[in-house]
Amino acid sequence: MVDVYYARLDDYQPEKLENALAGILRPVIDLHGGVSGKKVMIKPNLLEYRKENDPATVHPQLLLMLCRYLKKEGASQIAVIENPAVQTADAVVREMGILPDLEALGVTVKNCGAYEKVSTDDKYRYRKIELSTEFRDYDLLIDFAKAKTHAMMTLTCAVKNLFGLVRGSERLGWHLAVGRKFDDFADMLLDLYLFAMPQINLLDAIIGMEGNGPGSGDAVKLGFLAASADALALDVSVAAKLGVEDMPLLNRAKARELIPQITDCGEVPEVRAIKLPEPPEKKLEWGVYFPVKLRKALRTMLLSRPVVNRKKCISCGLCAKKCPPQTLKMTGKIPKFDYAGCIRCYCCQEFCPKGAITVTASFWMKVLSGLEKMIRKLNIHRKNKK
């Protein structure tokens, strides 16, 4: 049985944060004998900080409070180590305005390093994984995630946050390798979780992101913090609170029999369902046989696709630069998508600095969804008449 601890909070006021953070972290830390005299690595979600209170990252006040708490509890060394999408870790923290405070605490802030290809055993889907193994130099690894929607994985919490341990070029390589097979990508994330197994997992869900996540969605007040000794347990518990029922990562975890028994503890929140991005695909599971070529054609027609808002686009070309299959090109000042070659990794949407790229359902997907709703209503009507 794995405990997931909750604390309700409306904002990031330091006085409230200190008590709430200590309340949910202490029982988790105690499982590992405390932090006194130990070296602690924090792997936060620092995607990119583009504006004050940017919901794309963990909140600066919460990151600072976490470091102060660890220092107060006697940690001998604290390091904030991340591999952001565009900037360096110290650049993001500097933009947050807390770098001087962290330096005054003696906290090291740097990018991931010590990348190596590790071999795995039978419990893993992939037998070799390349990632930063720097966390091995520390006594405790804190996986510090942000609650956000995600165009490819639906929702990103603690397990998905570990993808930051993978080198930037390798991250693009994974997208290219798995293409439209979102379950394969989910399996890779689960393998990272099994290998790294962070001892302490913390989720910032006071203000989260919904809609066009993980980089350009809308801020939404969720009103809670969560912590657990198990990243997957935290994800399972939080997904249920946010009304996320169909999530590739958890579907694969269930199929691999990885999901533990969970107990929710503390101030368990009551939250409205989070607004999700367009679903990444429409599964063809109608009990009808389709030839392979036809099935591929149908999937291409039905898959959600990235589109650009020309009014928001600043022609920076970052989307084309980050496109793993290089099927997105700049034509003049506007990105042009080759949907036949697009692997639906939505990296273009994630890296766009202005939120000019969104993921939207295709025309045929909208038609199919409308037809499905009509059929369901008709069936319900027939049942009621009986």
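Using a 4.5 Å heavy-atom threshold, the side chains of Phe195 and Val118 count as touching. Side-chain contact between Val4 and Cys265 is absent, with no heavy-atom pair separated by less than 4.5 Å. No side-chain heavy atom of Glu130 sits less than 4.5 Å from a side-chain heavy atom of Glu116. The closest side-chain heavy-atom distance from Met41 to Ile142 is not below 4.5 Å. For the pair Pro325/Cys342, no side-chain contact is recorded, criterion being any heavy-atom separation below 4.5 Å from C-beta on. You'll find the side chain of Ile206 reaches within 4.5 Å of the side chain of Asp204, heavy atoms only. A heavy-atom distance below 4.5 Å is found between the side chains of Val244 and Ile274. Counting heavy atoms from C-beta outward, Lys336 and Val308 have side chains that stay 4.5 Å or more apart.
When hydrophobic clusters are built by joining Ile, Leu, Val, Met, Phe, Trp and Tyr residues whose side-chain heavy atoms come closer than 4.5 Å, directly or via intermediates, Val236 is grouped together with Val268. Side-chain heavy atoms closer than 4.5 Å link hydrophobic residues (I, L, V, M, F, W, Y) into clusters, and following such links, possibly through other members, connects Tyr5 to Met65. Both Leu192 and Met153 are members of a single hydrophobic cluster when ILVMFWY side chains are connected at heavy-atom separations under 4.5 Å.
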Evaluate Glu18 against Arg68 for salt bridge (charged side-chain N to carboxylate O under 4.0 Å, His left out), listing each step before the verdict. CA-CA 9 Å; Glu18 185 175 9; Arg68 284 175 174 166; over 6 Å; no
Run the side chain to side chain donor-acceptor pair (under 3.5 Å) check on Thr133 and Tyr115 step by step: do they pass? CA-CA 6 Å; Thr133 55; Tyr115 292 99; over 6 Å; no
Can you check side-chain contact (heavy atoms from CB on, under 4.5 Å) on Leu242 and Val271, steps first, answer last? CA-CA 6 Å; Leu242 299 181; Val271 191; 4.0 Å; yes
Ser237 vs Tyr6, side-chain contact (heavy atoms from CB on, under 4.5 Å): CA-CA, chis, key distance, verdict: CA-CA 10 Å; Ser237 179; Tyr6 287 95; 2.5 Å; yes
Between Val166 and Asn83, does a side-chain contact (heavy atoms from CB on, under 4.5 Å) hold up when you go through it step by step? CA-CA 8 Å; Val166 177; Asn83 185 14; over 6 Å; no
Passes side-chain contact (heavy atoms from CB on, under 4.5 Å), Leu102 versus Val93? Steps please. CA-CA 9 Å; Leu102 292 179; Val93 173; 3.6 Å; yes
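Note that CG of Leu202 is 6.0 Å distant from CG of Leu62, once rounded to the nearest 0.5 Å. For the atom pair Asp235 CG and Leu203 CG, the distance stands at 8.0 Å (nearest 0.5 Å). Atoms OG1 and CG, from Thr108 and Asp90 in turn, are 11.5 Å apart once rounded to the nearest 0.5 Å. Atoms CG and CE, from Asp54 and Met96 in turn, are 8.0 Å apart once rounded to the nearest 0.5 Å. Note: Gln326 CD to Lys321 NZ = 10.5 Å, rounded to the nearest 0.5 Å. Atom-to-atom distance recorded for Lys72:NZ and Leu105:CG is 13.0 Å, nearest 0.5 angstrom.
Of all heavy-atom pairs spanning Pro60 and Ile98, the tightest one is O-CD1, 3.5 Å. The two residues Pro44 and Leu63 come nearest to each other via the heavy atoms CB-CD1, 4.5 Å. Listed here is the closest heavy atom pair of Ala151 and Pro214: N-CD, 4.5 Å. A pairwise comparison of heavy atoms in Val109 and Leu99 identifies CG2-CD1, 4.1 Å as the closest pair. The nearest pair of heavy atoms linking Met247 to Ala239 is SD-CB, 4.1 Å. Contact detail for Cys319 and Ile357: the closest heavy-atom pair is CB-CD1, 3.7 Å.
Between Glu170 and Lys117, no side-chain nitrogen of the basic residue sits less than 4.0 Å from a carboxylate oxygen of the acidic one, so the salt-bridge criterion is not met. Between Arg127 and Asp122, at least one side-chain nitrogen of the basic residue sits less than 4.0 Å from a carboxylate oxygen of the acidic one, meeting the salt-bridge criterion. For the pair Lys16 and Asp11, the salt-bridge criterion is met [side-chain N within less than 4.0 Å of a carboxylate O]. With respect to the salt-bridge test (charged N to carboxylate O, under 4.0 angstrom), the residues Arg256 and Asp187 qualify. Residues Lys43 and Asp143 are not paired through a salt bridge, judged by the lack of any N-O separation under 4.0 Å between the basic side chain and the carboxylate. Under the 4.0 Å criterion applied to side-chain N and carboxylate O atoms, Arg125 and Asp184 are assigned as salt-bridge partners. In summary, Arg171 and Glu350 do not engage in a salt bridge, as defined by a charged side-chain N under 4.0 Å from a carboxylate O. A salt bridge links Asp264 to Lys241: at least one charged side-chain nitrogen sits closer than 4.0 Å to a carboxylate oxygen.
Phe135 meets the ring pair (Phe, Tyr, Trp, His ring centres under 6.0 Å) test with no other residue; sequence neighbours excluded. Not a single side chain to side chain donor-acceptor pair (under 3.5 Å) links Asn19 to another residue, sequence neighbours left out.
If you check the side chains of Asp230 and Tyr193, you find a donor sitting under 3.5 Å from an acceptor. Between the side chains of Lys128 and Ser119, at least one donor N or O sits under 3.5 Å from an acceptor N or O. Remark: the Asp246 side chain and the Asn251 side chain contain an N/O donor-acceptor pair separated by less than 3.5 Å.
Judged purely by atom type and a 3.5 angstrom limit, Glu82 uses its side chain to pair as donor or acceptor with the backbone of Leu46. No donor-acceptor pair under 3.5 Å is formed between the side chain of His32 and the backbone N or O of Gly34. Between the Lys275 side chain and the Val220 main chain, no donor and acceptor come within less than 3.5 Å of each other. Here the side chain of Lys148 pairs a donor or acceptor atom with the backbone of Ala56 at under 3.5 angstrom. Between the side chain of Thr149 and the backbone N or O of Gly211, at least one donor-acceptor pair lies under 3.5 Å. Judged by distance alone, the side chain of Glu48 and the main-chain N or O of Pro353 form no donor-acceptor pair under 3.5 Å. Proximity of a side-chain donor or acceptor of Asn111 to a complementary backbone N or O of Ala89 within less than 3.5 Å is detected. No side-chain donor-acceptor contact under 3.5 Å links Glu134 to the backbone of Cys112. A donor-acceptor distance shorter than 3.5 angstrom exists from the side chain of Asp191 to the backbone of Tyr126, with no hydrogens or angles considered.
Residue Ile42 forms a side-chain contact (heavy atoms from CB on, under 4.5 Å) with just one option from Leu141, Leu70, Ile200, and that option is Leu70.
In Arg310, the CZ atom is not crowded: 12 or fewer heavy atoms of neighbouring residues, nucleotides or ligands sit closer than 6.0 Å.
Within the cation-pi definition used here (under 6.0 Å to the ring centroid, within 45° of the axis), Arg8 does not qualify as a partner of Phe224.
Under the 30°/60° scheme for interplanar angles, the aromatic rings of Tyr346 and Phe182 are found to lie parallel. Note on ring orientation: taking the six-membered ring where Trp is involved, the planes of His59 and Tyr12 are parallel (angle under 30°, cut-offs 30° and 60°).
Aromatic rings from Tyr339 and Phe337 are positioned such that their centres are separated by under 6.0 Å.
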